Amino acid sequence: MARRRLRWRGAVAAVLVLAAAGIWLGDGTLMLSAAIPLAYLAYGSLSTAVVPEDLVATRRVDPSLAPPGRPVTIELTVTNESDRTLDDLRLVDRVPEELAVLQGSPRAGATLAPGESVTVEYSVVARRGEYDFAAPRLRVRDTGAGTVTTTEPTVDGANRVVCRLDADAPPLADRGSDRVGQLTADEPGEGLSFHSTREYRRGDPATRIDWRQYAKRGHLATVNYERWVSTTVVLVLDAREPARVAAGPGRPSAVELGAYAATRALASLLGSGHDVAVAVVGVDGDGPSGLSWLPPGGGGEQRSRAIDLLGDALGDGSGDPTTDEASNAGAAGADAAVPNGSGGRTPDDGATDRSHDAERQFRKVVELAGPGSQLVLVSPMLDQVPVDAAESWAAFDYPRIVLSPDVISANTVSGQYEQVRRRTRLARCQATGARTIDWRRGTPLPVVLSYAFTVAAREPGVAAGRGGGA
Amino acid sequence: MSVGPRLDTPSAIGDEGRPRETSLTVAAVVVVGLGAALGFALGQPRFFGGFAFLASLAVAGVAFLDRDRLRPTVVGHLLFLPASCALLVVVSFSPTSFVLVIGFVAAMVGMATAWTDVLDRETLSETLASSLLAYVFGVLGLVVVALVWAVVWLVVELAGSVARATDPATALLGLVVVGGIVCACLAAAVHAVPAVQLSPVRRREAVERRVDRLRRRLLFATGGAFVAAMFGAVFLAAGVLRPLVSVPPFPTLLGVLTSRLVLYPLLAVAGVALLVAVVAGLARKATADYDAATTRTVGAGIAAGGYLVMIGLLAATAGFLPASAALFVSVGVLVPIGVYVVLGALLAGMAAGVVPDRAGPAALTAAGLVVAAIGAAAADLPPIVVFATVAGALIAWDVGTFGLGLTAELGHVPETRRLELYHAVFAVGVGLVALLLVSGLEVLRHSVALGFGATVAMAVAAVGVVLLVIPLRG
């Protein structure tokens, strides 16, 4: 419906002032000049703004399915398929409130001749869940901009951003890998990579005889290869309150990013034939000591159960990051607590109890893990508790990996300070013998994981030892 | 490479409150064109050039005063008040129609504030407060300068009288007093200068001991000198001192010690020491707790020093006659009050809603051009110029508010140049059509040679126009 705006009140004032001045001075020129603002008044009053029926709106979302943290590009195109020129068209796409615009603008203004189009292109950061776009708002004005008509057209194409934890995880093969696991064991045996040679014993297969050594020295020797075995990997997701922070409004929280990393690692480990267990610390679960726990297992069903468990952890206590400004600015630290009404941070008994629960849950993970397991801790490392957990696990001699998503904005002094503290915590974990993976902001997770394990593979003694496999 | 603070830093240029560039450019071209046309009509094409220069400097000063750092604050002070005062003076004493000049200056100021996005209540209040502070510092500085001048004159007179003294006892007393003054100034300098803090850490204790020792000795010497002077005066009055110092070689020695060659350098040392003490003390105070308020205060203080230098230079160039210099100083102190009255009136207009908060620059430009048109008519300029000025006012208002609305609705990221140009073409087109029509009517009016009755008829027509306006009302 058209709405007329009071845009020319100034012109009314000009008419009155000029007419009054003309009468006062007895000047006909001034009185005549009062007709000029009148012309603008008439121009503003007589023109109309009509929205033609033939406005077509199309939206494209790429990618249609994204993991948390991935930029998603939205393109909204409005085409004027009528035979009238739209003098002043203003377009605003209604971005879902939960998503933040990363780049570009969802707004545009243009003059559209018949057949012309206007496109808005912008990108948002994917957050777990499904987000529907409301109809965009179009405003058409006349040439005088005095009348405005608003409409919300129906949009063809994609109207939803879908984000899932396993959006880009590789599919599981129907039969596992031909090899049982991809970890190497200390004891040699059947395999592919050379380990050592030993004296030939009657019955050794001819394919394993070291013929080169025989040619050189004249005696037979049998080659030992690195033996591939499978193991149990326990993915531990830190979903406590201090981890429920985000780098900014509309961004995925550290728990979401951690759940995504766990999902990705889970798919890869299961595909390699390992057994995977999942534990979520910081939420109430049905497992021992209230731990949210999925016992070790393999196959597609284990993957589904694990993804459900991780999804429940995001939904429990709301996966949404705290809106406390200090947290979003990256100032979350060891003294983070539930924000109170004054917006300050005051530790209270509830926070202390929750901290003790988390410590108990971290200890329980070790009890449930079983001998020979590897522990992968996924935590943003924003306080001391996960560091203490990694250190306590060292006492049990479990191989450990710490994967830490970075959610701190380092463009403020407090952010830089928190970043230094976080890296110090990672260094402390590394000092206990754990392998640490710092998932920097803006870096795709597959790149981080492949780089981390490539570096690890080059380190001396890694191939023959424990660790790795994800 | 830019010299000084930049006016167009991204953080300084307005976001929601500034119209889009294309609209602003169209409005600016219209205003500049009208300025040239009015100048031609007055017989001086560059008539408004000087006004434009001063108006732009004043608005640039307001924009710099809106910043938080010291350098832009000082530059803002040094631009705003002097340029505003000069503008006020030249507008007040302009030989041409006052209404025309004040109207067009208002339009130029409106245009400049649109580009710099400074015509809002918060910025103008901040400017008024900061500038008043600098002004008060300047006035106090003038008083201090006068006092210092008086003290220096007194001391020089004292030294001169001591040097001229023929009586050895009087010369001795004068010498003791001068010595006491010198020691006091040196003690103040030693106390104020952070010599200990500036020395290397490993030598700090030794330096501290030396400084303490020196300070104690100087204070002792100062006290001793003034006590000796008191006792000397008593002995002089009792007639005891004169016979003592009349014994050779005291008179010769005193004659040498109290000569100008000795006294003036001593007093110069005292003056320098006092200056060092004052500067060191002020610097310590200023840097002790540095925050935004300190920046404002220090900036105002530095600017006040600049004002004093400017007034001094102006007074000096006005001639060395005391009367004209005093006149210049008085004008320099009084004119800023006029500037603050104008600024206060503008703020009051904003508070009362007379000047719209968001569309202030566009409103000021349009209103200024309407007033200029009235002034042009009163100055008997050609009617076409009057009509063009009124049309220009409406064009500036239209494109300015259109750009503002566009920014408010779409933000500053989307590209809207084509949309703005499309609208500007229509705005200018309507103005040209209206201009042609009323010009034709004006020719018709003059060709029919209408007399007094025509004015009455036109007044009636004007009333009819007003009645017609009511149902339209934009």
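Proteins come first, then strands; the chains are lettered A, B, ... in the order of their sequence lines, and each starts at number 1. What you are looking at is a predicted structure, and each value in this text was computed from that prediction instead of being measured.
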Looking only at heavy atoms, what is the nearest atom pair of [X] and [Y], with distance?
X	Y	value
B:Leu394	A:Pro37	CD2-CG, 3.8 Å
A:Arg107	B:Leu410	CD-O, 3.5 Å
A:Gly109	B:Leu419	C-CD2, 3.8 Å
A:Ser33	B:Phe387	CB-CD2, 3.6 Å
B:His423	A:Thr143	ND1-O, 3.0 Å
A:Leu30	B:Ala373	CD2-O, 4.1 Å

- Query: Are side-chain N/O atoms of A:Asp87 and B:Tyr422 paired as donor and acceptor at under 3.5 Å?
  - Reply: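 There is such a pair (donor and acceptor under 3.5 Å, judged by atom type) between the side chains of A:Asp87 and B:Tyr422.
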I need the residue from [options] with the largest number of non-hydrogen atom pairs under 4.5 Å to chain B.
options	answer
A:Gly104, A:Gly10, A:Ala39, A:Ser105	A:Ser105
A:Leu25, A:Asp88, A:Val17, A:Leu89	A:Asp88
A:Val92, A:Leu91, A:Val120, A:Leu18	A:Leu18

Under 4.5 Å from any heavy atom of chain A, what part of [X] do you find: side chain, backbone, both or neither?
X	result
B:Leu406	both
B:Ala377	both
B:Val430	both
B:Val413	side chain
B:Ile395	both

For the [atom1] atom on [X], are there more than 12 heavy atoms of other groups (residues, nucleotides or ligands in this structure) within a distance under 6.0 Å?
X	atom1	result
B:Arg69	CZ	no
A:Glu152	CD	yes
A:Arg441	CZ	yes

- A:Arg137 bridged to B:Glu409 by N-O distance under 4.0 Å: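 No.
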- Query: Is the cationic atom of A:Arg90 (NZ for Lys, CZ for Arg) positioned less than 6.0 Å from the six-membered ring centroid of B:Phe402 and within 45 degrees of its normal?
  - Reply: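 Yes.
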Quick check for you: to the nearest 0.5 Å, what is the distance between [X] atom [atom1] and [Y] atom [atom2]?
X	Y	atom1	atom2	value
B:Asp398	A:Tyr43	CG	OH	6.0 Å
B:Trp397	A:Tyr40	CH2	OH	13.5 Å
A:Leu32	B:Ser439	CG	OG	9.0 Å

- Message: Please classify the contact of A:Ala21 with chain B as side chain, backbone, both or neither, using a heavy-atom distance under 4.5 Å.
- Response: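 Side chain only.
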